[in-house]
Amino acid sequence: MDVSIANLRKAFLSAGYITDEDVIITVFLSLKLGKPLLVEGAPGVGKTELAKVLSQVLEADLIRLQCYEGLDENKALYEWNYQRQLLKIQISKETACTEDLEQNLFSLEYLLERPLLKAIQADKQVVLLIDEVDKTDEEFEAFLFEVLSDFQVSVPELGTISARQIPVVILTSNNERELSDGLKRRCAYLYLDYPTVEREVAIIRAKIPTVGEKLSLEVARAVSLIRDSQEIKKKPSIAETLDWVRAILALDQDRLNLVVIEQTMAMLLKTKADLLSFNKNIGSGRLVEYARTEK
Amino acid sequence: MENYLEVNLVRFIHMLRYAGIRIGSGEVLDALNALSLLDLSDREAVRAGLKATLVKRSGEQQLFDKAFTLFFAPPEAKEKDYTRHRQDQTQRQQLLAKATEELTFQGMPLKLSDSEKTVYSGMPEKDKEKLLDYIKKTAEGKNIEQHFQPILESVVKSSLAYWRKSLRNQLNLSPLPQTGDQELNALLASAVRNGGDYSPALLEEDMQNIADKDLPRAEALIRKLARQMVTRLARRYRQSKKRQQLDLRKTIRHNIRFGGTLLKLRYRSRRTQKPRLVLLCDVSGSMARYANFVLQFIYGINDVVSQIESFIFSEDLERVTEYFQHGDDFTSTMLEVINRSKEWGRGTNLGAALKNLRLKYPDLLTGHSILLIVSDTKTMALDETLQELSLIKRIVKDVVLLNTLPRGDWLSSKSVRSFQGVLRMFPCNTLSDLEKVIRQKIIIY
């Protein structure tokens with residue numbers, strides 16, 4: 001695909017990813033400038049989805065590195081296949097000459113590629129998704145931006161491996177921790193917020209075509225009210241909105257009403273504290289009223 | 001004009017930097033490259049492009065949008081801003097001149113800063129007269145000579161400091177921006193005037209002076225800081241260059257099935273123990289407002305990690321951990337603490353509080369606990385306090401003091417210097433200090 005704003009817009013739409021112009025322009029720039037794209041935002045606004053859709057749009061493979069605390073270079077970059085090396089030694093104990101054996105043992109055959117190395121070594125351009133980068137330690141982050149700025153890796157036993165093509169890199173962060181300035185400087189930045197009511201309606205209708213116009217609008221309004229509430233700690237994500245709509249449809253309802261809200265609220269709010277504070281601060285009655293008010 | 005685009009971009013970036021957004025020169029180049037790829041007549045595209053390359057913090061997104069709207073406003077609006085700025089400047093000069101003229105002592109003008117003079121001009125007429133009357137009476141008193149002026153000045157200053165506090169919600173005390181570029185100054189002034197949000201000051205403002213209207217924003221900020229702190233505290237794994245230690249016993253046992261060849265290795269790692277945080281928060285008269293913020297911070301942490309013991313103290317110690325464990329919202333928790341507390345707003349005696357902590361709660365102070373004290377170090381019985389501190393320091397893992405005195409005042413305070421000899425001390429005067437406490441890994445374990 002020829003990368004242009006119009007093309008991207010079209011491709012995103014046909015991939016079912018409904019989003020605003022800011023996102024498209026930022027993605028376009030990060031592709032054109034060859035910079036990694038750092039996407040921040042609350043959980044469930046579609047950060048990971050963006051990478052998946054992008055790989056679909058660019059017709060590239062998606063390689064995903066899921067970050068977690070304690071993630072280290074072994075798990076992210078490469079590791080020697082120790083077991084296989086050991087077996088090789090056992091098998092060729094008496095036959096092979098030791099020097100040959102040593103060289104053979106540290107060849108690509110025994111290298112376990114982890115996501116970062118895989119992305120660098122790929123023949124065709126890939127989309128590398130580094131998910132929830134804020135979960136790692138600062139040390140790993142520093143290592144990461146070294147890899148991201150040069151796109152080459154040195155393996156002491158093999159020498160330096162440079163990228164055959166520069167992968168499209170997307171980093172996501174839930175903002176649990178402030179990322180270092182160094183990493184940010186190397187990236188284009190995108191902040192994804194929860195969608196507006198109109199956009200959420202569009203998303204609902206795109207993902208669940210059977211939903212009625214009225215219900216989708218009411219649901220989107222209701223969800224926006226809940227998200228705006230300061231007391232709700234775990235705000236409902238887009239996926240949860242969709243689940244909610246499916247739940248309402250499964251109960252054969254085509255409008256929001258008190259009963260159905262009581263029955264299905266657990267699809268949207270998933271902690272006891274949030275459910276309690278919903279009942280205390282908003283309540284089903286107000287939610288229905290708000291959702292049905294024309295604006 | 002040559003390089004019109006570049007010049008304008010740089011000026012815009014100047015404006016963003018003034019608002020506290022950190023922008024490196026690499027990012028400026030990125031922005032320029034981005035602009036070359038975009039259709040410059042498409043306003044929204046330009047906005048999105050600049051935003052993607054220049055602004056990299058979630059909290060700065062709205063700030064950027066505001067700055068963009070102001071900077072790339074139609075010429076008429078800009079002209080209006082410019083005129084207003086010039087008017088404001090003239091008016092301000094006049095007010096200052098008037099204040100200088102009025103505030104004199106035996107014919108000599110009092111040495112007051114511009115912001116103090118601004119406070120003076122904002123005072124109600126009646127109180128102004130009272131102050132002038134006082135100065136006049138002092139000047140005409142018996143045996144009053146010229147060298148008496150500094151003493152009078154400090155009296156006037158402290159009176160103005162009082163007024164600054166009570167007027168802070170109405171008066172615009174931030175100095176007019178001085179960038180050397182008149183048009184940019186006008187824009188910045190208009191930015192400050194139009195949106196309280198625009199002032200970069202909130203993070204840097206002395207917590208004591210945060211105006212009531214800014215409280216919700218400050219609270220949101222604190223919640224975010226607390227969440228980051230929680231993430232940091234909750235980390236169980238730490239990366240280190242050291243390879244884990246091989247557990248030979250387990251490895252051999254596990255590999256017997258492979259005929260003794262060590263195919264699968266088993267490692268042993270040290271179990272990290274989470275620290276027990278013991279928080280001691282000063283709520284004496286001078287600290288009450290800070291305490292409000294700091295307790296809010298504790299509340300944010302307590303929400304997720306339950307191993308934090310919180311105490312408040314002034315003349316004596318009071319345990320507040322349980323209030324924060326109910327899971328009520330902050331305002332009601334705070335009300336409960338204040339209502340039930342006997343300590344709120346009294347004098348400070350850190351030594352007594354520490355002694356009580358050591359004697360009454362010995363099981364809280366162990367080799368795993370970190371004692372975090374929030375105080376301005378102004379305490380009675382300093383020597384006793386120091387003694388008590390060094391005693392406790394021998395028991396616990398670490399003692400850290402978050403000092404709410406501005407850093408600039410540390411040198412001149414005797415108590416600060418003596419405390420620094422015993423423990424690690426960090427400033428905690430503004431919200432950005434609080435942020436640094438988290439960033440710099442002050443609490444290590």
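Numbers restart at 1 for each chain; the letters A, B, ... are given by sequence-line order, proteins then strands. Predicted, not measured: the structure shown is a model, and the values here were computed from it.
- Of the atoms belonging to B:I23, not a single heavy atom falls under 4.5 Å from chain A.
- For A:Q85, no part sits under 4.5 Å from any heavy atom of chain B, backbone or side chain.
- Both the backbone and the side chain of A:A188 come within contact range of chain B, with heavy atoms under 4.5 Å apart.
- Using a distance-only test at 3.5 Å, with no hydrogens or angles considered, no donor-acceptor pair links the side chain of B:K56 to the main chain of A:L183.
- The environment of A:R84 atom CZ is dense: over 12 non-hydrogen atoms of other residues, nucleotides or ligands sit within 6.0 angstrom.
- Remark: A:D181 CG to B:R57 CZ distance equals 5.5 Å, nearest 0.5 Å.
- Within a 6.0 Å radius of NZ in A:K234, other residues, nucleotides and ligands contribute more than 12 heavy atoms.
- When side chains are defined from C-beta on, A:Y191 does not count as touching B:Q62, because their heavy atoms never get closer than 4.5 Å.
- Between B:L37 and A:F28, some side-chain heavy-atom pair lies under the 4.5 Å cut-off.
- Between the CD atom of B:E27 and the NZ atom of A:K184 there is a distance of 10.0 Å, given to the nearest 0.5 Å.
- There is no contact between A:N281 and chain B, counting heavy-atom distances below 4.5 Å.
- The pair B:R47-A:D22 counts as a salt bridge, with a side-chain nitrogen and a carboxylate oxygen less than 4.0 angstrom apart.
- Nearest heavy-atom pair across B:A45 and A:I25 is CA-CD1, 3.2 Å.
- Residue with the most contacts toward chain B among A:Q90, A:R186, A:Q83: A:Q83 (heavy-atom pairs, distance under 4.5 Å).
- Screening B:K51, B:E60, B:Q61 for a side chain to side chain contact (heavy atoms under 4.5 Å, CB included) with A:Y189, the sole residue that qualifies is B:Q61.
- Within the structure, every pair that satisfies the salt bridge (charged side-chain N to carboxylate O under 4.0 Å, His left out) test and touches residues 24-41 of chain A, not counting sequence neighbours, is listed here: A:K35-B:D30.
- Heavy-atom neighbours of A:K270 NZ from other residues, nucleotides or ligands within 6.0 Å: above the threshold of 12.
- Side-chain contact between A:I5 and B:D39 is absent, with no heavy-atom pair separated by less than 4.5 Å.
- Closest approach of B:A52 and A:T26 over heavy atoms only: CB-CG2, 3.3 Å.
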